[in-house]
Amino acid sequence: MKKGDKVRFLSETGGGIVAGFQGKNIVLVQDSDGFEIPMSINEVVVVDEELDRKQGRTSKVANEQKTNTTQQDTPGKQSIKALLSGGYENEETDNETEHETDPADSEITFRKPVEERVGGNSLNVYLAFVPENARQLSHTKMAVELVNDSNYYLRYAFATAEGESWILRNEGEIEPNTKVTLETIAAEDYNSFEQSAFQAIAFKRQKSYVRKPAIDVKLHIEPLKLFKQHLFAETPFYNEPAMLYTIVEGDEPAEAPVSEIDADKLKTEMLSKAAIQKMKQDARSAKGAVSATGKHVHGGRQANEPLVVDLHAHEILETTQGMDSLDILQYQLEVFRRTLKEHANERGLKIVFIHGKGEGVLRKAIINELNRHFKGYTYQDASFQEYGYGATLVKVKG
């Protein structure tokens, strides 16, 4: 007996294909539904398909001979059924013989019982982002997966926001202590997951269980984080780098992170470190501060003073490890877009984006974004005396 052999059970109906072995006495039989059934090696027998075919032909010939003999011995007793059907009774018998099904091909309704683990009666559910290549986050495919780390079945629905409405992305049922892929996305799809929602009910089958409250959690997925290689790491559920968002942990649903606190945190991340330090100093004194470029910048943004955002990679990224120049450029543009969207209602606000001189790639990309997606916003080179070379002043549409 070897892998791939077709086998039949001896003590019960069914069979399948040999998928592997456990020790010397257990064979794993994969049924038509893809389940692996452990059976004693003495309880299965290899199906000889050629022998089955020969036996089938022998049985057919024997049936024909028996029928002919019976008809010859009792010619007056030909069945009424045969007469009414035009004398085709033998052919019907042959067809029935030819279409007899192999028990090994019959549908198997056996389902392996769900294995519960110790400590798994508390709900632990996570949303995972798993890149195919964690070193090329702006170019690789990303699997969005649901992790059910509990002994409960979950009937779930996953949706993302589009304006004031929601779009269902995936729904279904996930078994206990398993993972399921919701969809596979590319870098251009990251923004669509910013506002996500997960709803589910938990239950067990064929046994009693403790009822759990229905799950209804909103998640804030920061698209920028999906470009940061250092935020992906090995987890208890994946050997490859992945990013986990908690939905429920220890029966406690995750607090909705869409809040004023998170909005402030997002603004803080987008502002340059130099600008943050400048504001802190202004809170302590009325003196100015020095930007990351070494040029003097007015502190404590007053009514007519611009907001300063430094787009240099070392200011907005903790590390650029694993990122190429295109990855960094896309991240810088994402910070640029977010900053303008955050302040879209502050008409007339002036924002200085420090991008550096270099080869002018980032400045050209910024101008292109303004002309395509922020029509009505005016822009010009920022003051050289205040910010040095390589800064653009943008005025929010009035």
Side-chain angles (χ1 to χ4, degrees), residues 117 119-120 122-150 154 156 158-160 169-170 172 174-198 200 217-250 252-258 262 265-266 268-270 311-335 337-338:
R117 60 180 180 81
S122 294
L123 290 181
N124 294 284
V125 186
Y126 307 92
L127 186 68
F129 291 85
V130 188
E132 291 182 0
N133 184 351
R135 296 183 178 276
Q136 298 290 334
L137 293 176
S138 62
H139 307 297
T140 191
K141 297 282 188 180
M142 184 91 69
V144 184
E145 300 195 349
L146 180 63
V147 180
N148 179 16
D149 185 31
S150 75
L154 292 178
Y156 68 88
F158 177 71
T160 54
R169 306 292 290 250
N170 193 286
I174 182 171
E175 294 186 349
N177 302 300
T178 57
K179 299 174 292 188
V180 64
T181 300
L182 302 179
E183 63 180 284
T184 301
I185 59 175
E188 56 267 25
D189 303 316
Y190 294 170
N191 285 336
S192 65
F193 282 80
E194 185 170 0
Q195 304 296 336
S196 300
F198 181 85
V217 172
K218 291 182 181 179
L219 298 172
H220 180 64
I221 312 297
E222 297 185 16
L224 296 180
K225 286 187 176 181
L226 299 179
F227 288 100
K228 295 184 178 182
Q229 182 182 344
H230 68 280
L231 296 181
F232 290 81
E234 289 189 7
T235 70
F237 314 110
Y238 299 94
N239 293 325
E240 64 269 30
M243 183 186 298
L244 293 183
Y245 280 84
T246 300
I247 297 174
V248 178
E249 194 166 60
E252 294 295 327
E255 294 182 2
V258 184
D262 290 284
K265 181 180 178 182
L266 183 60
T268 299
E269 289 178 353
M270 290 192 299
L311 294 177
H312 282 95
H314 65 273
E315 293 292 341
I316 59 176
L317 286 165
E318 295 178 17
T319 177
T320 57
Q321 182 179 0
M323 300 178 71
D324 56 26
S325 56
L326 181 58
D327 295 332
I328 295 172
L329 176 61
Q330 289 184 345
Y331 190 88
Q332 290 169 318
L333 289 176
E334 186 63 29
V335 173
R337 297 186 199 102
R338 284 183 167 274

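Between L224 and R338, the closest side-chain pair of non-hydrogen atoms falls below 4.5 Å. For the pair R135 and Q229, the minimum side-chain heavy-atom distance is below 4.5 Å. Side-chain atoms of E183 and N170, non-hydrogen and from C-beta on, never get closer than 4.5 Å to each other. Looking at E234 and E240, their side chains never come closer than 4.5 Å, going by heavy atoms from C-beta outward. Contact annotation: the side chain of N133 never approaches that of H139 to less than 4.5 Å [non-hydrogen atoms, C-beta and beyond]. The side-chain heavy atoms of R169 and S196, taken from C-beta on, include no pair separated by under 4.5 Å.
In plain terms, the two heavy atoms of S150 and S122 that are nearest each other are CB-O, 3.5 Å. Annotation for L226 and M142: closest pair O-CE, 4.1 Å, computed over non-hydrogen atoms. Residues V130 and P241 share a closest heavy-atom pair of CG1-O, 4.1 Å. Taking each heavy atom of P131 and L137 in turn, the nearest pair found is CB-CD2, 3.9 Å. Taking both residues in full, the closest heavy atoms of L219 and I247 are given as CD1-CG1, 4.0 Å, listed atom of the first, atom of the second, then distance. Among all heavy-atom pairs drawn from Y190 and P223, the shortest one is O-CG, 4.0 Å.
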- [ ] Apply side chain to side chain contact (heavy atoms under 4.5 Å, CB included) to the pair E194 and E222, showing each step before the final yes or no.
- [x] CA-CA 6 Å; E194 185 170 0; E222 297 185 16; over 6 Å; no
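Y126 pairs in a ring pair (Phe, Tyr, Trp, His ring centres under 6.0 Å) with only one of the listed residues (Y245, F237, F198), which is F237.
Although no hydrogens or angles enter the test, the distance criterion places no donor-acceptor pair under 3.5 Å between the side chain of D149 and the main chain of V147. At distances below 3.5 Å, at least one donor-acceptor pair connects side-chain atoms of N148 with backbone N or O atoms of E175. In this structure a side-chain-to-backbone donor-acceptor pair under 3.5 Å is present from N124 to G250.
Rounding to the nearest 0.5 angstrom, the gap separating the CD1 atom in I221 from the OG1 atom in T160 is 10.5 Å. Note that the CD atom of E145 and the CG atom of L244 stand 10.0 Å from one another [nearest 0.5 Å]. Within the model, atoms CG of L311 and CG of L317 stand 10.5 Å from one another, a figure rounded to the nearest 0.5 Å. In this structure, OG1 on T140 lies 11.0 Å from CD1 on I185, to the nearest 0.5 angstrom.
Taking the ring axis of F129 as reference, the NZ or CZ atom of K225 does not stay both within 45° of it and closer than 6.0 Å to the ring centre.
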